[in-house]
**Q** 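Take a look at the following structure, please.
Numbering of ligands and ligand atoms starts at 1, following listing order. All figures in this text were calculated on a predicted structure; none of them were measured in a lab. Position 1 is the first residue of the sequence; numbering continues from there.
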Amino acid sequence: MEAPNPFTPSFGRIPAHFAGRGSLLTAMAKALADEGRTSPDLVTMLVGPRGTGKTALLGSIGQEATAHGWIVAQVTANDGMLVDVIERLQEAAADLIDPSTPTRIKSLSIGSNFAVEFDQGTPYAGNWRTQMNRLFAQLEPYGSGILITVDEVQRNCAELETLTQAFQHFLTEGEPAALVMAGLPSEVSAMVSSKIVSFLRRARHRHIGRIGNADVEVALRKTLADEGATINEDAMAAAVAAIDGFPYMLQLVGYWMWEESLASPIALEDAQRGIRLATNELRDGVLAATYRELSNGDLRFLEAMLPDEGPSTLADIAKRMGGAEQLRLEVQEAPHRSWRGRRCGPKPLHR
Ligand SMILES: Nc1ncnc2c1ncn2[C@@H]1O[C@H](COP(=O)(O)OP(=O)(O)OP(=O)(O)O)[C@@H](O)[C@H]1O
Ligand SMILES: [Mg+2]
């Protein structure tokens, strides 16, 4: 169609209309709007497989927070993320605080009285928690809270551990702080079970999964309507079936249906061509990359599930894999072999 394509089939993009996720976004908006800042939703972990919309949700929550006067830093778990948080916060609060004149402690003498002399000019950085405390203090007169969002959380990330430990102190000390994180289920569960960040076990965990067909349909219709387009009912039914509740596929199917249609309403034949193109892109992009990330143990486990039409039981899988002992060994092997030994940083990407 002539009009600009309103679908967003690229990772991390906030969709024109979120399918589903209404209760999550409403709860977050309410928590961010509440001046008491005591909602448990202010420490949230979004957990979901690839392409379910974690990054898009973080982006949307960040925008909502900014609209409510929060100072927001959106970062990805990585070596260097702590510096990134400070710099993003300073950037976001540029019109409230002046980062060029941080305070340096010139001398500290300890006698009968504590005396601290300050020197303006040369930056005294202090550790990350100190720098954050200074930002909280600078923002206090304005009543602004700080929201940090961390995408792609992963196990064994030293800076992420520092951040979460310090964050626990911010909450205890009554600072106006919020933390929303997102990650793949395997990484989140490995991270949360580590002793160092046990505080995250108490975070509100939101599982980001499949979206219901009715919500998929509403989002498709609204996105088309943004550009004044509609779709025939048989074409809509085919699209909803192909999308099967997967947010990324919603964008791919919508995008390619749009590209394959000459005029509105979208007809069944155009939808079917679009669905074929979308399916190919999903297979070559996400599915192939996800498959490559699996360890040999993961693959043997999945093969053992294939004979089942519905959900598999562990007992059946164990039998097919050669007994419970073998299963135990395979499960132990599971921690994503392909990532082992990597420094904390972005995972191999599919895009
Ligand atoms: N609720 C939704 N409704 C419609 N489209 C969505 C929804 N959530 C995400 N999308 C779209 O799906 C695609 C994938 O979203 P996103 O990149 O946020 O997924 P992700 O979970 O972060 O994936 P990954 O784990 O690979 O980083 C994007 O094109 C985004 O615009
Ligand atoms: Mg993402």
**Q** What atoms in ligand 1 come closer than 4.0 Å to a heavy atom of Ser10?
**A**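 That gives atoms 28 (C), 29 (O) of ligand 1.
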
**Q** Below the 3.5 angstrom mark, is there an N/O of Leu57, backbone or side chain, next to an N/O of ligand 1?
**A**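 Looking only at distances, the answer is no, because the N/O contact criterion of under 3.5 Å is not met.
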
**Q** In ligand 1, which numbered atoms sit nearer than 4.0 Å to a non-hydrogen atom of Gly12?
**A**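 Contacts of ligand 1 toward Gly12, numbered from 1: 16 (P), 17 (O).
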
**Q** Heavy atom to atom 16 (P) of ligand 1, shortest distance: which of Gly53, Gly48, Pro15, Gly20 holds it?
**A**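 Going through Gly53, Gly48, Pro15, Gly20 one by one, Gly53 has the nearest heavy atom to atom 16 (P) of ligand 1.
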
**Q** I need the atoms of ligand 1 closer than 4.0 Å to a non-hydrogen atom of Ile211, numbered in the order shown.
**A**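 So the answer, numbered in order with elements, is 1 (N).
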
**Q** Any donor-acceptor pair under 3.5 Å linking the side chain of Thr164 with the backbone of Leu160?
**A**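 The answer is yes, because a donor-acceptor pair under 3.5 Å joins these two groups.
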
**Q** Using a heavy-atom cut-off of under 4.0 Å, does the side chain or the backbone of Ala219 touch ligand 1, or both, or neither?
**A**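 For Ala219, no heavy atom sits under 4.0 Å from ligand 1.
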
**Q** Quick one: look at Arg50 and ligand 1, take heavy-atom pairs under 4.0 Å, and tell me if it's side chain, backbone, both or neither.
**A**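 Both backbone and side chain.
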
**Q** Cationic tip of Arg276 within the cone over Trp256's six-membered ring, i.e. under 6.0 Å and within 45° of the normal?
**A**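 Because its charged atom misses either the 6.0 Å distance or the 45° angle limit, Arg276 does not stack over Trp256.
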
**Q** Heavy-atom distances under 4.0 Å decide this one: backbone, side chain, both or neither, for Lys54 against ligand 1?
**A**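 Near ligand 1, Lys54 shows its backbone as well as its side chain.
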
**Q** Considering the heavy atoms of Pro49, write down every atom of ligand 1 situated less than 4.0 Å from one of them.
**A**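 Under 4.0 Å from Pro49, ligand 1 has these atoms: 21 (O).
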
**Q** What are the two closest non-hydrogen atoms of Val43 and Phe167, and how far apart are they?
**A**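 Smallest heavy-atom distance, with atoms named: CG2-CE2, 3.9 Å.
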
**Q** Could you give me the CA-CA distance, side-chain angles and deciding distance for Arg221 and Glu217, then say whether salt bridge (Lys or Arg N to Asp or Glu O under 4.0 Å) is met?
**A** CA-CA 6 Å; Arg221 260 187 229 292; Glu217 195 172 324; 2.7 Å; yes

**Q** Do ligand 1 and Pro9 have nitrogen or oxygen atoms that lie under 3.5 Å from each other?
**A**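 No; every N/O pair is 3.5 Å or more apart.
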
**Q** For Gln74 and Thr149, test the side chains for any donor-to-acceptor distance below 3.5 angstrom and give the result as yes or no.
**A**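 Per modelled atom types, Gln74 and Thr149 side chains form a pair under 3.5 Å.
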
**Q** Only heavy atoms of Phe11, strictly under 4.0 Å: list the atoms of ligand 1 that pass.
**A**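 Per the distance check, 17 (O), 23 (O), 26 (O).
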
**Q** Can you find a non-hydrogen atom of Leu58 under 4.0 Å from ligand 1?
**A**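 Leu58 does not count as a contact of ligand 1 under the 4.0 Å cut-off.
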
**Q** I'd like to check Tyr255 versus Trp258 (side-chain heavy atoms, cut-off strictly below 4.5 Å). Are they in contact?
**A**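 Answer no - side chains too far apart.
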
**Q** Are side-chain heavy atoms of Leu32 and Ile61 found at a separation under 4.5 Å?
**A**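 Of all side-chain heavy-atom pairs linking Ile61 with Leu32, at least one is under 4.5 Å.
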
**Q** Mark yes or no for whether Asn5, through its side chain, and Phe7, through its backbone, hold a donor-acceptor pair below 3.5 Å.
**A**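 Present.
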
